[in-house]
Amino acid sequence: MPNEQMIAVAAGTSDALVEVDRVSIQFPGSRGRGTVVAVEDVSVSIRRGEKFVLLGPSGCGKSTLLTAIGGFIPVSSGEIRVDGKAVTRPSMNRVLVFQDFGQLLPWRTVVNNVEWAIAKRWPKMGAKERAERACHYIERVGLGVQAQQYPNTLSGGQKQRCAIARAFAIQPEILLMDEPFGALDAINREKMQHELNRLWDAEDKRVTIAFVTHDVNEAVHLGHRVMVMSRGPGRLRALVDNPNVGSPPHDASALKLVDELRELLKDTP
Ligand SMILES: Nc1ncnc2c1ncn2[C@@H]1O[C@H](COP(=O)(O)OP(=O)(O)O)[C@@H](O)[C@H]1O
Ligand SMILES: [Mg+2]
C-alpha cells in the first residue's frame with residue numbers, strides 16, 4: 001500500500017523544468033450549466049531531462065493537464081511555468097504527440113512531414129541540412145524504407161513512429177505525449193515503449209518527456225517518476241519514484257511497483 005512518503009508535492013525543486021503550481025482547470029458544463037472541474041489544485045514539478053508519467057483512470061484530467069502544460073488551454077487558477085516563465089501559449093519548445101493516427105500531414109511523405117516541422121522550427125536552415133536531419137530521425141525510428149511513402153500507406157505503428165521522429169527532430173525542450181501508443185496492439189505497444197526509451201538514450205538523455213497513460217505497465221516501463229492522478233476531480237494522488245525504468249517488464253522489482261500502482265488506482269475514486 002502507498003504510504004505518506006510516496007505522496008510528495010515537489011513544486012519549486014531546483015532542477016525543475018516545468019512547475020505546476022496550484023493549478024485548477026475548469027470547463028463550462030454541458031448546455032452552459034455549471035462547471036466541470038478537470039484538474040483541482042495540482043502542484044508538481046517535472047525535472048529537466050526526466051521521463052515523467054501522468055497515470056490515472058480515464059477522465060481524471062491527464063490530457064487536460066498535459067495540454068495546459070503545452071499552452072494549448074489556459075489554467076483557471078494557479079500557474080504553470082516552464083523555465084521559470086509562465087506558460088500562456090503554445091511554443092515550438094513544447095511538442096505534443098497524441099494517440100490519433102491522423103496527426104501527420106496526409107499530403108506529405110514521411111520525410112516531408114519531418115522536414116516541414118524542421119523548416120518551421122529553423123526557417124533559415126539550408127535544404128541539405130534539413131533533409132539530412134529529417135533522414136537521421138527517420139532512420140532512428142526505423143522508417144528508412146518508408147521515407148518516401150504517404151501516411152495513408154503506413155500502419156498505425158509506423159504513423160506513430162513518424163510523429164515521434166518529427167517531434168524529436170525539432171529538439172523540443174519538452175515532449176508531451178498523450179497516450180501515443182494507446183491505439184496500438186499489445187506487441188507493437190511494448191516495442192514502441194522500448195524504442196522510446198532507446199530514443200531518449202540516444203538523445204543523450206536530454207529531452208524532458210511528459211507521458212500520459214492509463215496503463216500501469218507502460219508507466220513502469222517508461223517513467224523515472226510516476227504521478228498518479230485520481231478522479232473526482234483531477235487531483236494528484238501520489239508521486240512515485242521508479243528505479244525500474246527501462247528494465248525488463250517481468251523484472252521482480254518492476255512487478256512489485258506495478259502492483260503498488262494498481263493498488264493506488266484501485267483506491268482511486
Ligand atoms: N473541452 C472540454 N470541455 C468540457 N469538459 C471537458 C473538456 N475537456 C475535458 N473535459 C472533462 O474534464 C475531465 C477530464 O478530462 P481529460 O483531461 O480528458 O481526462 P483523461 O485524459 O484523464 O481521460 C472529464 O470529465 C472531461 O469530460
Ligand atoms: Mg486523455
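Sequential numbering from 1 along the given sequence is applied to the chain's residues.
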Determine whether the side chains of [X] and [Y] contain a donor N or O and an acceptor N or O closer than 3.5 Å.
X	Y	value
Ser76	Gln26	no
Glu179	Gln99	no
Lys51	Asn197	yes

Cluster question for you: counting only ILVMFWY and a side-chain heavy-atom cut-off of under 4.5 Å, with indirect links fine, are [X] and [Y] together?
X	Y	result
Trp122	Val95	yes
Val245	Phe211	no
Leu66	Val37	no

Could you measure the distance from the [atom1] atom of [X] to the [atom2] atom of [Y]? Nearest 0.5 Å is fine.
X	Y	atom1	atom2	result
Leu54	Met229	CG	CE	6.5 Å
Glu50	Arg225	CD	CZ	4.0 Å
His221	Thr213	NE2	OG1	12.0 Å

Donor-acceptor pair, distance only, cut-off 3.5 Å: does the side chain of Asp21 make one with the backbone of Ser43?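 Flag not set: sc Asp21 to bb Ser43 has no pair under 3.5 Å.
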
Within the side chain of Asp185, is there an N or O that forms a donor-acceptor pair under 3.5 Å with the backbone of Ile187?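 Checking the backbone N and O of Ile187 against the side chain of Asp185, a donor-acceptor pair under 3.5 Å is found.
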
Candidate pair Asp41 and Ser24, rule side chain to side chain donor-acceptor pair (under 3.5 Å), full reasoning: CA-CA 5 Å; Asp41 199 19; Ser24 297; 5.2 Å; no

Verdict with reasoning, Asn113 to Arg166, per side chain to side chain donor-acceptor pair (under 3.5 Å): CA-CA 7 Å; Asn113 261 279; Arg166 188 172 68 177; 3.1 Å; yes

Would you say that more than 12 heavy atoms from the other residues, nucleotides or ligands in this model lie under 6.0 Å from the [atom1] of [X], or not?
X	atom1	result
Arg206	CZ	yes
Arg108	CZ	yes
His194	NE2	no

What orientation do Tyr137 and Phe168 show, parallel under 30°, tilted 30 to 60°, or perpendicular over 60°?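 Because their plane-to-plane angle is under 30°, the rings of Tyr137 and Phe168 count as parallel.
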
What pairs of donor and acceptor atoms, side-chain ones from residues 124-132 against any protein atom, are under 3.5 angstrom apart with sequence neighbours left out?
unit_1, atom_1, unit_2, atom_2, d
Lys128, NZ, Glu132, OE2, 3.2
Arg130, NE, Glu115, OE1, 3.3

Show which residues join Trp116 in its hydrophobic cluster (side-chain heavy-atom contacts under 4.5 Å, direct or indirect), or state none.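 So far as hydrophobic clustering goes, Trp116 is joined with Leu105, Trp107.
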
What donor-acceptor contacts under 3.5 angstrom involve side-chain atoms of residues 139-150, with partners at least two apart or in another chain?
unit_1, atom_1, unit_2, atom_2, d
Arg140, NH1, Glu203, OE2, 2.6
Gln149, NE2, Thr153, OG1, 2.9

